[in-house]
**Q** 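The structure that follows is given in the form of structure tokens.
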Amino acid sequence: MRRAGFVLIAFLVGSCSTSGGPATSASADAVTFKPGADGAGDPYFPTYGNGGYDVAGYDLNLRYDPKNGHLAGTATITAVATQNLSRFDFDLAKLAASRVTVDGKTATAKSAGNELVVTPAAGIRTGTPFTVVVDYAGTPGQLANKTLGDGGWLRTDAGAVALGQPESASTWYPVNDHPSDKATFKLAMTVPDGLEAISIGVPGRTTTADGWTTWRWTENAPLASYLSTVVIGQYRITTGTHDGKPMVTAVPESVPADGAAAKSVARTGEIADFLAKQFGPYPFDAYGGIVVEDERIRYALETQSRPAYGQAFFEGGENSSVVAHELAHQWFGDSVALEKWQDIWLNEGFATYAEWLWLEHDDDVAVQASFDRTYNSFNWKLAPGNPGVAKLFGTAVYDRGGMTVYALRKTIGDKAFGTLLTTWTSEHRNGNADTADLIALAEKISGKDLGGFFQAWLYGTTKPSLTY
């Protein structure tokens, strides 16, 4: 993620009660069933996500009417119980469920703040796959966050945009909204004829009936839920293939077809190929990018396989650096996702380093020069290893994170560092990892004790010495 203009970037749920009795607390053979936790246990955001189950996939069939801002449809969620479940929660904000079933049987559902609490007709044993179908509707909106800014569903003049970090998905579908629970994603979005509905992954067939058009998208690689998006409006969509995979870019009709934004995202394939030489094979089944023209979105976000870019990034002309940053996230942050938000430097530090690599390649600005400029002007009281919620998207996470990556390269040497990059992205592909995992891998590959190095660069509050 990057925010324009900076070195960094940047509810109530309607309730329903369906028929069907509550789950029993124990079965005939004395198995005890307990509710899943109402949070994933992240120290920064204790109420984000939920416990007791692991989602395998989301399959959404939705309809949006921009005239009244109404969203309605069905979410089919496949999951596996990770404990003996008597009930479980989904994150769902400002939308009301009218009917919920679990494995085809009617469940009881009620709202509790931004949670949809589901009690199946019978307890679900640990390790058991189950399917939840939620019919829901309402007028989606933003999730307010005084510290980080609002995120989620934004109604626009022509349509809508669903975008935001660290949470946004719960404003438009029921979800386990934390990066630790990655899942596949399918979307069929029906909108009035004349509007486009762009999302992530591989495009499917588009059908039209009775004045409405349904757009279909499939992302088969598991994703953290904040990396899902849908953008509805009047767009020029360019489709093709790159390296045998679909390439879809979308630019608003209000933005010049030959302008800076269009030219910048048109370099997506070129930049992705360059990064693949550094990081290993591109991890997803599709490429692309979406430009969003809305003054409220002054950031770019690495939505999986198809990053979204606020138009503000292109107001000064072509900007391939932001494209490089968001594409780097496809490896660092998307394919290899966070386990907890404290480790966001793993996302932003590597993406900042990737920008420096691209500047060296495209503009002949040496990575060392980018490092030196940042190193000589940085406020070292700001540390990225545990930045705190207020500094989650602060300069330490981006700039000092990027410096940490480059300093690691210099400390262990280019050969070991190159092996580290490709090993990290292959061993953790489609999964989650944390800082401890990176330290362990770096020490294994380099044969060096790097505890002091990482302590100084990630947690220290004085300028680290350059000992390489």
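Here the structure is a predicted model, which means the values were calculated and not measured. Residue numbers run from 1 in the order of the sequence given.
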**Q** Quick one: pull up CE in Met189 and CD1 in Ile198 and give me the separation to the nearest 0.5 Å.
**A**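 Spacing of CE (Met189) from CD1 (Ile198) equals 11.0 Å.
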**Q** Glu167 and Tyr48: side-chain hydrogen bond (donor to acceptor under 3.5 Å, both in side chains), yes or no, with the steps?
**A** CA-CA 8 Å; Glu167 61 176 345; Tyr48 286 15; 2.9 Å; yes
**Q** Just to verify, which of Asn50, Thr171, Asn114 counts as forming a side chain to side chain donor-acceptor pair (under 3.5 Å) with Asp91?
**A**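 Answer to the side chain to side chain donor-acceptor pair (under 3.5 Å) test with Asp91 among Asn50, Thr171, Asn114: Asn50.
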**Q** So, taking the atom named OG1 in Thr435 and the one named CD in Glu339, what distance separates them when rounded to the nearest 0.5 Å?
**A**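 Separation between the atoms: 9.5 Å.
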**Q** Please check this pair: side chain of Thr78 against backbone of Gly57, looking for a donor-acceptor N/O pair closer than 3.5 Å.
**A**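 Yes, Thr78 side chain to Gly57 backbone: donor-acceptor pair under 3.5 Å.
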**Q** Nearest 0.5 Å, please: how far is NZ in Lys263 from CG in Asn319?
**A**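 That separation rounds to 14.0 Å.
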**Q** Measure from the side-chain N and O atoms of Gln142 to the backbone N and O of Trp153, and report whether any donor-acceptor pair falls under 3.5 Å.
**A**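 Checked: pair present.
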**Q** Contact between Tyr309 and Val323 at the side-chain level, heavy atoms closer than 4.5 Å - yes or no?
**A**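 Of all side-chain heavy-atom pairs linking Val323 with Tyr309, at least one is under 4.5 Å.
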**Q** Closer than 3.5 angstrom, by distance alone: can the side chain of Arg429 be matched with the main-chain N or O of Pro283 as a donor-acceptor pair?
**A**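 Between the backbone of Pro283 and the side chain of Arg429 there is a qualifying donor-acceptor contact (under 3.5 Å).
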**Q** The test is ring-ring contact (aromatic ring centres under 6.0 Å, His included); show your working for Trp341 and Tyr226 and say whether it passes.
**A** CA-CA 12 Å; Trp341 282 105; Tyr226 77 94; 5.2 Å; yes
**Q** How many angstroms lie between atom CG of Asp193 and atom OG1 of Thr213, to the nearest 0.5 angstrom?
**A**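 Interatomic distance, Asp193 CG to Thr213 OG1, rounded to 0.5 Å: 3.5 Å.
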**Q** Any idea which heavy atoms bring Gln165 and Ile344 closest together, and the distance?
**A**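 Where Gln165 meets Ile344 most closely, the heavy atoms are NE2-CD1, 4.1 Å.
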**Q** Can the ring centres of Phe90 and Tyr136 be said to be less than 6.0 Å apart?
**A**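 Ring-ring flag for Phe90/Tyr136: false, centres at least 6.0 Å apart.
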**Q** Give the intermediate values and the outcome of side chain to side chain contact (heavy atoms under 4.5 Å, CB included) for residues Ile200 and Phe284.
**A** CA-CA 11 Å; Ile200 60 173; Phe284 301 122; over 6 Å; no
**Q** Keeping Asp54 on the side-chain end and Thr82 on the backbone end, is there a donor-acceptor pair under 3.5 Å?
**A**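 It does not hold such a pair.
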**Q** Hey, are the side chains of Gln83 and Leu85 touching, using non-hydrogen atoms and a 4.5 Å cut-off?
**A**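 Yes, side chains in contact.
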**Q** So, do Leu421 and Phe332 sit near enough that their side-chain heavy atoms are less than 4.5 Å apart?
**A**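 Answer yes - side chains close enough.
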**Q** Do His428 and Asp437 have a side chain donor and acceptor closer than 3.5 Å?
**A**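 Absent: no donor and acceptor within the cut-off.
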**Q** Does Pro120 reach the side chain of Phe88, with side-chain heavy atoms less than 4.5 Å apart?
**A**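 Sidechains of Phe88 and Pro120: in contact.
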**Q** Would you say that Leu163 contacts Ser168 through its side chain, given a criterion of any heavy-atom pair below 4.5 Å between the two side chains?
**A**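 A side-chain contact under 4.5 Å is absent here.
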**Q** Would you say Val248 and Trp217 make side-chain contact, with heavy atoms under 4.5 Å?
**A**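 Result yes, sub-4.5 Å side-chain heavy-atom pair found.
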**Q** Starting from the C-alpha separation in whole Å, work towards a yes-or-no answer on side-chain hydrogen bond (donor to acceptor under 3.5 Å, both in side chains) for Thr74 and Asp135.
**A** CA-CA 5 Å; Thr74 300; Asp135 296 331; 2.7 Å; yes
**Q** Mind running side-chain hydrogen bond (donor to acceptor under 3.5 Å, both in side chains) on Asp273 and His242 for me, showing each step along the way?
**A** CA-CA 10 Å; Asp273 289 348; His242 182 78; 2.9 Å; yes
**Q** When you measure from the side chain of Ser111 to the backbone of Leu116, do you find a donor-acceptor pair of N or O atoms at a distance under 3.5 Å?
**A**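 Side chain of Ser111 to backbone of Leu116, a donor-acceptor pair under 3.5 Å: no, none is there.
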**Q** Taking all heavy atoms of Pro203 and all of Pro246, pick out the closest pair and write down the distance.
**A**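 Heavy-atom minimum between the residues: CD-CB, 3.9 Å.
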**Q** I'd like to know if the side chain of Asp103 and the backbone of Thr131 have a donor-acceptor N/O pair within less than 3.5 Å.
**A**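 Side chain of Asp103 to backbone of Thr131: a pair is present.
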**Q** Tell me, with the steps shown, if Val397 and Leu392 meet side chain to side chain contact (heavy atoms under 4.5 Å, CB included).
**A** CA-CA 7 Å; Val397 167; Leu392 195 66; 6.0 Å; no
**Q** May I ask you to decide if the ring planes of Tyr287 and Tyr282 are parallel, tilted or perpendicular, using 30° and 60° as cut-offs?
**A**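 Answer is parallel, since the angle falls under 30°.
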**Q** If you take all heavy atoms of Pro256 and Arg236, which pair is closest and at what distance?
**A**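 That would be C-NH2, 3.2 Å.
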**Q** Going by the side chain to side chain donor-acceptor pair (under 3.5 Å) test, name the single residue among Tyr58, Trp172, Tyr173 that passes it with Ser228.
**A**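 Per the side chain to side chain donor-acceptor pair (under 3.5 Å) rule, the option paired with Ser228 is Tyr173, out of Tyr58, Trp172, Tyr173.
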**Q** Students often mix this up, so state it plainly: with edges at 30° and 60°, are the rings of His325 and Tyr398 parallel, tilted or perpendicular?
**A**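 Parallel, since the angle between the ring planes stays under 30°.
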**Q** Working to the nearest 0.5 angstrom, can you tell me the gap between Phe130 CZ and Lys105 NZ?
**A**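 Atom-to-atom, Phe130:CZ and Lys105:NZ are 14.5 Å apart.
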**Q** Measure the CH2-CD1 distance between Trp215 and Ile237 for me, rounded to the nearest 0.5 Å.
**A**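 That separation rounds to 4.0 Å.
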**Q** So which pairs with a foot in residues 284-294 pass salt bridge (Lys or Arg N to Asp or Glu O under 4.0 Å), sequence neighbours left out?
**A**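 As it turns out, the salt bridge (Lys or Arg N to Asp or Glu O under 4.0 Å) pairs with a partner in residues 284-294, which skip direct neighbours, are Asp294-Arg296.
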**Q** Could you walk me through whether Val322 and Ser264 pass the side chain to side chain contact (heavy atoms under 4.5 Å, CB included) test, one step at a time?
**A** CA-CA 9 Å; Val322 68; Ser264 298; over 6 Å; no
**Q** Tell me whether Gln330 contacts the main-chain N or O of Ser305 through its side chain, where contact means a donor paired with an acceptor under 3.5 Å.
**A**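 Yes; at least one donor-acceptor contact below 3.5 Å.
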**Q** Taking Asp434's backbone N and O only, do any of them form a donor-acceptor pair with Asp343's side chain (distance below 3.5 Å, no angle check)?
**A**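 Flag not set: sc Asp343 to bb Asp434 has no pair under 3.5 Å.
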**Q** Does Tyr53 use its side chain to pair, donor to acceptor, with the backbone of Asp89 at less than 3.5 Å?
**A**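 Looks like yes, one N/O pair under 3.5 Å.
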**Q** Between Leu195 and Tyr64, is there a side-chain heavy-atom distance shorter than 4.5 Å?
**A**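 No, too far: nothing below the 4.5 Å cut-off.
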**Q** Is there a side-chain hydrogen bond (donor to acceptor under 3.5 Å, both in side chains) between Arg216 and Thr207 once you walk through the steps?
**A** CA-CA 9 Å; Arg216 296 175 176 85; Thr207 56; 3.1 Å; yes
**Q** To check you understand the geometry: which heavy-atom pair defines the closest contact between Ala224 and Lys182, and what is its length?
**A**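 Of all heavy-atom pairs spanning Ala224 and Lys182, the closest is N-CG, 4.0 Å.
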**Q** Measure across Trp331 and Ala272 and return the closest heavy-atom pair with its distance rounded to 0.1 Å.
**A**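 Nearest pair, atom of Trp331 first, then Ala272: CH2-O, 3.7 Å.
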**Q** How about Phe45 and Val389: do any of their side-chain heavy atoms sit closer than 4.5 Å?
**A**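 Answer yes - side chains close enough.
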**Q** Which heavy atom of His178 sits nearest a heavy atom of Ser225, and at what distance?
**A**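 Nearest heavy atoms, His178 then Ser225: N-OG, 3.8 Å.
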**Q** Between Arg155 and Gly141 (side chain of the first, backbone of the second, donor and acceptor by atom type, cut-off under 3.5 Å), is there such a pair?
**A**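 It does not hold such a pair.
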**Q** Got more than 12 heavy atoms from elsewhere within 6.0 Å of CG, Asp363?
**A**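 For Asp363, atom CG is crowded (more than 12 foreign heavy atoms under 6.0 Å).
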